[in-house]
Amino acid sequence: MIIIPAIDLKEGRVVRYTKGRLNKKVYSSDPVSVALDWQDQGAKFLHLVDLDGAICGRQKNLKVIKKIIKKINIPAEAGGGIRDLSAIQKVIDCGVKRVILGTRAIEDIDFLGRAIEEFGQKIALGLDASGQKLGLRGWRKTAKISLKNYLKSLENLNLKTVIYTDISRDGTLSGINLPAIKNVLRSSGIDFIISGGVSSLADIKKLASLDCLNLKGVIVGKALYEKRFSLKEAVALTKN
């Protein structure tokens, strides 16, 4: 399990939200320097999100993402507003290792299948949920299908990675929802990256101790930006 710092982009700045929409806080107007700082502190992977794109359905921070990728020498994944194959290609052309699909992939699983056929393991699926309700369009809408049923529908796809975010905990610094995480991890053999609610090193320890081979990483955002613990401390807990 690796620790993956999040860089959420809104109008070219690094921000964090609470549950996706409340109490936006700007942490930096220089995302490139933030990315380099996480790299210097020991990050092995970065999670980049175009929040403007997630809401409007087309990438708004692609130039910023491209600048970040050019400066860092660690891999990164990026998502937000990627709703067709040409958009996927544009993000891949920026140099990211993985492209995260959300809304369109949930609304149209055939599209997800086509994306996997064309781009293989460069495709990751972002499932953002509050309980069994899947969030869409920057968490402004709710999918008709439940989290449980959607996960079942993935069985015949050659999908490598799912990024599961607990909307009810995201940005709250209230701690992880361990029972929900365990249920998700046990629901499928797909590799999972977990996000939402990490508030302390105790949360990292709980995740690191889980006996689930398909737990590959945890995304940490607000807790790092608010200096609840350092990235170095978190990374140390995941080393065998």
Side-chain angles (χ1 to χ4, degrees), residues 1-18 20 23-55 59-82 87-100 102 121-124 126 138 161 163 165 170-171 173 193-201 203-204 207-208 216-239:
M1 186 186 87
I2 63 172
I3 307 298
I4 306 174
I7 299 179
D8 290 359
L9 301 166
K10 185 83 168 67
E11 298 172 348
R13 299 180 295 177
V14 180
V15 306
R16 291 300 299 172
Y17 279 74
T18 301
N23 303 323
K24 182 184 77 173
K25 184 173 181 179
V26 177
Y27 286 97
S28 175
S29 59
D30 187 354
V32 173
S33 68
V34 172
L36 289 171
D37 187 40
W38 291 139
Q39 176 179 277
D40 291 343
Q41 291 186 47
K44 303 300 182 185
F45 207 99
L46 293 180
H47 177 77
L48 313 176
V49 180
D50 182 343
L51 293 175
D52 298 296
I55 295 169
Q59 295 102 321
K60 292 288 190 176
N61 290 279
L62 202 58
K63 290 182 179 179
V64 177
I65 290 171
K66 191 172 184 177
K67 287 179 181 178
I68 291 172
I69 299 300
K70 281 186 174 181
K71 291 292 184 179
I72 61 176
N73 54 29
I74 57 175
E77 60 191 13
I82 304 168
I88 294 172
Q89 187 63 61
K90 287 178 182 177
V91 180
I92 288 174
D93 289 343
C94 289
V96 302
K97 182 173 182 178
R98 284 196 296 253
V99 176
I100 307 164
Q121 293 188 12
K122 288 185 178 292
I123 298 299
T161 304
I163 298 163
T165 299
D170 190 70
L173 295 175
I193 295 171
I194 300 300
S195 174
V198 174
S199 62
S200 65
L201 291 175
D203 288 327
I204 302 295
L207 291 170
K216 300 301 181 180
V218 54
I219 295 169
V220 186
K222 198 169 187 178
L224 289 176
Y225 289 101
E226 292 289 332
K227 303 186 186 305
R228 293 294 185 96
F229 53 84
S230 71
L231 179 58
K232 185 177 181 180
E233 289 173 318
V235 169
L237 290 177
T238 65
K239 292 181 178 179

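- The distance from the OG1 atom of Thr161 to the CD1 atom of Ile193 is 5.5 Å, given to the nearest 0.5 Å.
- Counting all heavy atoms, side chain and backbone alike, Ile82 lies closest to Gly79 at CD1-CA, 3.8 Å.
- Under the salt bridge (charged side-chain N to carboxylate O under 4.0 Å, His left out) criterion, the residue pairs touching residues 38-53 are Lys10-Asp52, with sequence neighbours excluded.
- The CZ atom of Arg98 lies 10.0 Å from the NE2 atom of His47; values are rounded to the nearest 0.5 Å.
- In summary, of the residues considered (Ile3, Ile74, Leu46), a side-chain contact (heavy atoms from CB on, under 4.5 Å) with Trp38 occurs for Leu46 alone.
- Ile2 places none of its side-chain heavy atoms less than 4.5 Å from the side chain of Thr238.
- Here the CD1-CG distance, from Ile72 to Asp37, works out to 13.0 Å after rounding to the nearest 0.5 Å.
- The CD atom of Gln41 lies 10.5 Å from the CD atom of Glu233; values are rounded to the nearest 0.5 Å.
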Go through Ile219 and Glu77 one step at a time and tell me if the side-chain contact (heavy atoms from CB on, under 4.5 Å) criterion holds.
CA-CA 11 Å; Ile219 295 169; Glu77 60 191 13; 4.0 Å; yes
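- Considering all non-hydrogen atoms of both residues, Cys94 and Lys66 come closest at SG-CB, 3.9 Å.
- Leu237 contributes atom CG, which lies 11.0 Å from atom CG of Asp203 (distance to the nearest 0.5 angstrom).
- Closest heavy-atom contact between Ala35 and Ile68: CB-CG2, 3.6 Å.
- For the pairing with Pro31, the side-chain contact (heavy atoms from CB on, under 4.5 Å) check across Val64, Leu36, Val15, Asp8 returns one residue only, Val64.
- Shortest non-hydrogen contact noted between Ser230 and Leu224 is C-CD2, 3.9 Å.
- Here the side chain of Tyr225 pairs a donor or acceptor atom with the backbone of Ala6 at under 3.5 angstrom.
- Within the model, atoms CD1 of Ile194 and CD1 of Ile4 stand 10.5 Å from one another, a figure rounded to the nearest 0.5 Å.
- Residues Val32 and Lys67 approach most closely at CG2-CB, 3.9 Å, considering heavy atoms.
- Considering all non-hydrogen atoms of both residues, Leu9 and Asn61 come closest at O-ND2, 3.7 Å.
- The environment of Glu226 atom CD is dense: over 12 non-hydrogen atoms of other residues, nucleotides or ligands sit within 6.0 angstrom.
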